[in-house]
Amino acid sequence: MPKHDFGAFLRCCDKEPQNVIILRQPEEDGRSIFRLPTKNRIIQFIGNGGLEQLSFVNTEEWRNNFDKSYPLYVDAYEFRTLSILGYIALIRNERLGTWIVKSFHRSKNDPSLVIGGLLGNRQN
Amino acid sequence: MSNLVCPVCGSPNLTQHSFFETISESLGGHVQLEKKNYICAECGSEGDLFSENEEAAEFAIAKLREDLVVSILEDFTKNNVSLAAIERALELPQRTLTKWKTKSSNPSAAGVSLLKFLKIFPWLLEVAENGFEYGLSQKLYLENALKTFMQKMAFEESGFRSAGVITTANTTVLYFQTQKNGATPIFADERVHIEARGV
Ligand SMILES: [Zn+2]
């Protein structure tokens with residue numbers, strides 16, 4: 001079961017995009033893989049229902065969190081957009097009201113990744 | 001930075017750094033854009049955490065697209081395809097492309113994509129000129145595909161059979177390889193002939 005309400009994330013992308021944070025690596029992957037050259041365009045794409053055939057992958061506690069008294073969780077999903085099988089990982093910080101996109105790239109299960117074990121398995 | 005906190009973990013321990021990033025436009029050029037990112041010393045998160053680069057990035061993209069549009073339209077005119085003729089075929093108001101070329105108006109993203117398609121597949125203009133009629137469009141597509149095949153394919157003696165037949169439900173294609181008068185061919189496409197026959 002995902003830890004967070006994905007529908008709330010989509011609504012945030014659509015209505016409160018300032019509360020959606022795209023980290024550097026997913027920003028670069030958005031540009032190079034999905035042809036979404038800015039953070040705003042990534043957020044608009046997601047808010048417009050761009051993540052199709054969404055499928056929950058897993059939830060993990062976020063290891064890098066420095067405040068151990070307030071654990072944060074990462075929900076990961078696969079999705080489809082045209083020919084690409086994608087992967088997105090999200091953190092929700094309720095206290096700050098933010099959604100953080102920490103991964104946004106091809107899934108390691110995307111058939112086009114013939115050497116997926118080496119290049120596509122960047123689910124961190 | 002005094003009142004900024006990491007939007008991921010809430011730590012105030014942020015440092016800002018600058019770097020250059022290459023912004024590219026497909027079929028177009030690229031520019032180096034100076035960006036400012038934050039790194040959180042506590043959780044390691046890095047990014048444009050407060051959206052300070054977006055405006056400059058959008059501006060750079062728009063500039064690259066403007067330049068690309070001019071370059072594509074200049075290519076057409078250099079190849080004796082007039083902007084008026086393109087506008088006619090695409091049923092655009094006359095002088096639309098001239099305004100794009102002189103940057104007195106900007107095409108939409110859809111307009112830029114249309115020009116990119118025409119740059120890659122200029123025969124699409126002929127498709128448009130013929131009212132997107134399906135059968136003729138297919139014929140133009142196949143003609144151009146075969147022409148490209150003949151011009152670009154480097155046939156190797158060892159890897160390409162000297163003759164063959166490709167058959168579908170309606171058509172048979174017979175190909176055979178010849179050497180002209182025993183002379184070494186200058187272009188690869190002199191050595192291969194393709195005949196198509198409807199069944
Ligand atoms: Zn942090």
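The model shown is predicted, which means the values in this text are computed figures rather than measured ones. Naming convention: chains lettered A, B, ... in sequence-line order (proteins, then strands); numbering from 1 in each chain. Side chains are part of it too, since the values below use all heavy atoms of this structure and drop only hydrogens, waters and symmetry mates.
Summarising the local packing, OH of A/Tyr70 is surrounded by more than 12 heavy atoms from other residues, nucleotides or ligands at distances under 6.0 Å. Other residues, nucleotides and ligands place no more than 12 heavy atoms under 6.0 Å from the NZ atom of B/Lys36. Other residues, nucleotides and ligands contribute only 12 or fewer heavy atoms inside 6.0 Å of the CZ atom of B/Phe59. A 6.0 Å sphere centred on CZ of B/Phe117 holds no more than 12 heavy atoms belonging to other residues, nucleotides or ligands.
The shortest distance between side-chain heavy atoms of A/Lys39 and B/Ser51 falls below 4.5 Å. Between B/Ile61 and A/Arg41, the closest side-chain pair of non-hydrogen atoms falls below 4.5 Å. In this structure, the side chains of B/Glu46 and A/Glu27 stay at 4.5 Å or more apart for every pair of heavy atoms. B/Cys43 is listed as a side-chain neighbour of A/Trp62, based on a closest heavy-atom distance under 4.5 Å. Residues B/Val8 and A/Asn93 are not in side-chain contact: their nearest non-hydrogen atoms beyond the backbone lie 4.5 Å or more apart. Between A/Pro37 and B/Glu58 there is no side-chain heavy-atom pair separated by less than 4.5 Å. Using a 4.5 Å heavy-atom cutoff, the side chains of B/Leu49 and A/Leu23 are in contact.
In summary, B/Glu21 and A/Arg31 engage in a salt bridge, as defined by a charged side-chain N under 4.0 Å from a carboxylate O.
A cation-pi arrangement is not found for A/Arg24 relative to B/Tyr38, the charged atom failing to lie both closer than 6.0 Å to the ring centre and inside a 45° cone about the ring normal.
When atom types are taken as modelled, the side chain of B/Glu54 and the backbone of A/Asn40 share a donor-acceptor pair closer than 3.5 angstrom.
Interface summary for chain A: among B/Ser11, B/Cys40, B/Gly44, the most heavy-atom pairs under 4.5 angstrom belong to B/Ser11.
Closest approach of A/Thr38 and B/Ala57 over heavy atoms only: CG2-CB, 3.9 Å. Between A/Thr98 and B/Pro7, the shortest heavy-atom contact is OG1-O, 2.6 Å.
With a 4.5 angstrom heavy-atom cutoff, B/Asn37 touches chain A only via side-chain atoms. Proximity to chain A involves both the backbone and the side chain of B/Ser26, based on heavy atoms less than 4.5 angstrom apart. With a 4.5 Å cut-off on non-hydrogen atoms, A/Glu28 touches chain B through its side chain but not through its backbone.
Rounded to the nearest 0.5 Å, atoms SG (B/Cys9) and CG (A/Asp67) are 8.5 Å apart.
Grouping the Ile, Leu, Val, Met, Phe, Trp and Tyr side chains by contacts below 4.5 angstrom, directly or via other members, places A/Leu10 apart from A/Tyr73.
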